[in-house]
Amino acid sequence: MRLTRVPGLLFGGDYNPEQWPEEVWAEDAKLMVEAGVNMATVAVFSWSRLEPRPGEYDFGWLDRVLDLLHEHGIAADLATATATPPPWLVREHPETMPVDAHGTRLEFGSRQGYCPSSPIFRAATVRLARAMAERYGNHPALAMWHIGNEYADHTLECFCDESARHFRRWLTDRYADIDGLNAAWGTSCWGQHYTDFGQINPPRVAPGPINPAQVLDWRRFCSDALLECFEAEKVVLREVTPDIPVTTNFMSILHGLDYWKWAAAEDFVSDDAYPDPADPTSHTGIALSYDLMRSLKRRPWLLLEQAPSAVSWREVNVPKPPGKMRLDSLQALAHGADGVMFFQWRQAHYGPEKFHSALLPHGGVQTRGWQDTLRLGGDLGKLAEIAGTHGRADVALVLDWDSWWGLEAPESMPTKRLALLRLMRTWYEPLHALGITVDLTPPDRDLSDYRLVIAPNLYLCTEESAANLSAYPGELVVGSFSGVVDAADRIHPGGAPGPLRELLGLSVDEFWPLADGVEQSVRYADGTTGTATRWAEWIRTEGAAGIAEYADGDLAGQPAITRLGRATYVGCALEDVTPVLTDALTRAGVRPVADLPPGVEAGLRTGPDADYLFLLNHGTTTAALTLRAPGTDLLTGRDLHGSIEIGPRDAVVLRTAHEGEK
Ligand code: GAL
């Protein structure tokens, strides 16, 4: 199924014509056609130009932009324009601006300044969304709606009185009565017993550590409050333009928003990705993010923003060397994207993003950047047939936002050194290097498609999630400090691993956080050793067999890694999980999609008539590998078989027969 009515892969970027005189627009359209652009994102930050005074609209310029795009065969990803409220709204209603945890109300002068709970802000967005839908619902350029922009960027939370009232309503829905809340939050501790919901505030700055259950509910609330803003606009768009798909641009793997919930509210997932070109490993981190995007709805998604070269918001904004923008784009496709879009089309001449790269740089068509744009457009045309095809994974990594929020509570944990993304990457990186496709999954989704499920950490584990994992018939690996608390951040009876105890056949006697710099040696049954840092546990086995033990220190001789049946438990934070992973992959019978040399990434998409194997050389030297099956490289048109070479930062996209037919 296609994302939009536009055929092939989507290609284009944020287009901000209001920053340019109209004479420039014709050249924009001409050059977009030359580059093969078929989609432009418009009006993201245009509220103050579209509604310069309350209820008074100026659509003329946007009419001309959309007409021009359409005349040139370019579709619009049309924003509802609600991302930055205009100055008049802020001046008339200063209470629509967000307040920080110290009680300071933020000022106008940047972007995305709003209190997500403000009824005035919400009503104004819904009014504008309706006006946009009524004006452009039948415009032939309109292909998709882009609601808001990067929810949680700049404004994730607001601590004002309106937000406090909203938080209390949210809590009332969750707990029904105040005693339910008292029980869930454990308010008997530190004398916090409430007698009325009206006594509860957001977790503003307090004299000491704030109740972690309150903070956890606040995280849930903040994600939900922003989602309500999205939903409020979506309702109007659905009513006026029921056939136009809606999305909003995610920000890769983001702590602040529960993307499982958010994705369910979208017609398709779209993402913004800004891997740092200065970091030689950033392609692995972003691959994890892309796998999340593919997994959220288990269907193709859209890379809605990336930088053609440098961004403008890091300490040092390193450009992408020749070939990298193309390779980054092919990488998104390898992970299931059905289009690659950019921020932005024409490089700005003023404002905070004047140094941010664009598809059409300041220097115009003479530049290296523009040549890269033309090349990419040509390549995407050659890959049109992959649109709608999908990746299939045998391995899944568990990701749960509640658990993430619980684990990374700002205070009151046994250690502050367990960051979820680092734990995830410890497992993901070797899988990625091996060429094994990985999905992400929430702990309570049907897991029956997978042969191996890995939960790098599931600090917060409900009875339902534990039951789902216990019923899963495949190989399972559970990482340390899992099954510790319930949905309200209360320790499970008997301690960790709580509802996973029977499945794993053990209980944790005592958590054993490792001081900074301490390396805890772990010895496997075959005599080889590994290293744990940051975290270990004193485990008591109750049926599980030890498959590795601590080799030194106070834990010497205690089990470090255990197995019971198909369930492996890793009771420490291993620096390198390869031995455990290799064993689990073998037991599960999982094979990589290709045999890869270092630095080469693989991705497989399956279509109705063929498989598409992406081989991406992220290295700076030529890589050699042997193909398992012959095929045609869609980028060059060459038929390939046997040993092949891939140049530095180059790629092959091989159309081959379906796996079973080779
Ligand atoms: C995104 C944002 C864009 C642009 C871009 C620059 O976060 O959605 O509008 O600012 O960053 O990298």
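Heavy atoms only: backbone and side chains are in, while hydrogens, waters and symmetry mates are out. Numbering of ligands and ligand atoms starts at 1, following listing order.
Side-chain contact between Gln306 and Val311: absent, with no pair of heavy atoms (C-beta onward) separated by less than 4.5 Å.
Between Trp313 and Tyr274, the ring center distance clears the sub-6.0 Å criterion.
The side-chain tip of Arg53 does not point at the ring of Trp88 from less than 6.0 angstrom away and within 45° of straight on.
If you look at ligand 1, the protein residues with a non-hydrogen atom under 4.0 Å away are Phe45, Arg111, Asn149, Glu150, Asp153, Asp272, Tyr274, Glu305, Trp313, Phe343, Glu353, His356.
Note: Trp218 and Phe167 have perpendicular aromatic rings, judged against thresholds of 30 and 60 degrees for the angle between ring planes.
Among residues two or more places apart in sequence or in another chain, the side-chain hydrogen bond (donor to acceptor under 3.5 Å, both in side chains) test is passed with Tyr428 by Asp291.
Of the residues Asp14, Asp28, Thr373, the one that meets the side chain to side chain donor-acceptor pair (under 3.5 Å) test with Trp345 is Asp28.
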